[in-house]
Amino acid sequence: MHVLNNQLNISFQLMVSTSKGTHFFDPSDIIRLEASSNYTCIYFSNRLPLIIAKILGNYEDVLAGYGFVRIHRSHLVNKNFVSFVDRAGNIFMKDDSRVEISRRKRKQVIELLRVA
């Protein structure tokens, strides 16, 4: 995983290597990332999910400045795609997926989402 900055446009692209090649993504197209063992599944607004052989922690710091919040040890969500948070601590995303907020992080996550 690398960050690519275009000197002329200053646009951020997330560079992800897979067995098929190297992909470049705009963070605003990413809805959420979900950890599964040593893999991360990236869910997009405009394409099918992509499974990467990297842990979720590799993406947390890189994407934090682009509106992503770690809400659980296995979930990193884009604040721009959050549509609803219920009282039980579930986040409902605009793609109709539901992600549970960690009890330990609930108060902190709610504050981070409020600052959107």
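In this chain, residues are counted from 1 in sequence order.
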I42 CD1 to K54 NZ distance, which is reported to the nearest 0.5 Å
11.5 Å
Would H23 and F25 satisfy side-chain contact (heavy atoms from CB on, under 4.5 Å), going step by step from the backbone distance to the final call?
CA-CA 7 Å; H23 302 270; F25 304 111; 3.2 Å; yes
I need the single residue from V82, V99, I110 that forms a side chain to side chain contact (heavy atoms under 4.5 Å, CB included) with I71. Which is it?
V99
Please walk me through it: do Q108 and E111 pass side-chain contact (heavy atoms from CB on, under 4.5 Å)?
CA-CA 5 Å; Q108 176 190 10; E111 285 302 313; 5.8 Å; no
Measure from the side-chain N and O atoms of T22 to the backbone N and O of S17, and report whether any donor-acceptor pair falls under 3.5 Å.
no
Hey, does the side chain of N78 reach the backbone of I30 with a donor-acceptor pair shorter than 3.5 angstrom?
yes
Give the C-alpha distance, both sets of side-chain angles, the deciding distance and a yes or no for side-chain contact (heavy atoms from CB on, under 4.5 Å) between L33 and L63.
CA-CA 10 Å; L33 294 88; L63 293 173; 3.9 Å; yes
Please give me the minimum heavy-atom distance between V62 and Y66, naming the atom from each residue.
O-CD1, 3.6 Å
The reported gap from OG in S37 to CD1 in I55 (rounded to nearest 0.5 angstrom) is 10.5 Å
Which heavy atom in F81 sits nearest to a heavy atom in S28, and how many Å separate them?
CE1-O, 3.4 Å
Non-hydrogen atoms of S74 and L56 that approach each other most closely:
C-CD2, 3.6 Å
Kindly list each side-chain donor-acceptor pair under 3.5 angstrom involving residues 90-97, sequence neighbours excluded, with atom names and distances?
from: N90; atom 1: OD1; to: R98; atom 2: NH1; distance (Å): 2.8
from: N90; atom 1: ND2; to: D86; atom 2: OD2; distance (Å): 3.2
from: K94; atom 1: NZ; to: N80; atom 2: O; distance (Å): 3.3
from: D95; atom 1: OD1; to: S97; atom 2: N; distance (Å): 3.1
from: D95; atom 1: OD1; to: S97; atom 2: OG; distance (Å): 2.5
from: S97; atom 1: OG; to: R32; atom 2: NE; distance (Å): 3.2

Going from CD1 on I52 to OG on S19, what distance comes out if it is rounded to the nearest 0.5 angstrom?
9.0 Å
Determine whether I101 and Y43 fall in the same hydrophobic cluster, where Ile, Leu, Val, Met, Phe, Trp and Tyr are linked whenever their side-chain heavy atoms lie under 4.5 Å apart.
no
Quick check on the hydrophobic clustering: are Y39 and V77 connected, directly or via other members, by side-chain heavy-atom contacts under 4.5 Å?
no
Using only atom types and a distance under 3.5 Å, with no angle test, would you say the side chain of R47 pairs donor to acceptor with the backbone of P49?
no
When rounded to the nearest 0.5 angstrom, what is the spacing between OG in S45 and CG in D29?
4.5 Å
Is a side-chain N or O of R103 found less than 3.5 angstrom from the main chain of R106, in a donor-acceptor match?
no
Interatomic spacing from CZ in R114 to NZ in K79 - rounded to 0.5 Å
12.0 Å
Common cluster, L14/L76, ILVMFWY with side-chain heavy-atom separation under 4.5 Å
yes
Quick one: does R70's side chain get under 4.5 Å of H75's, heavy atoms only?
no
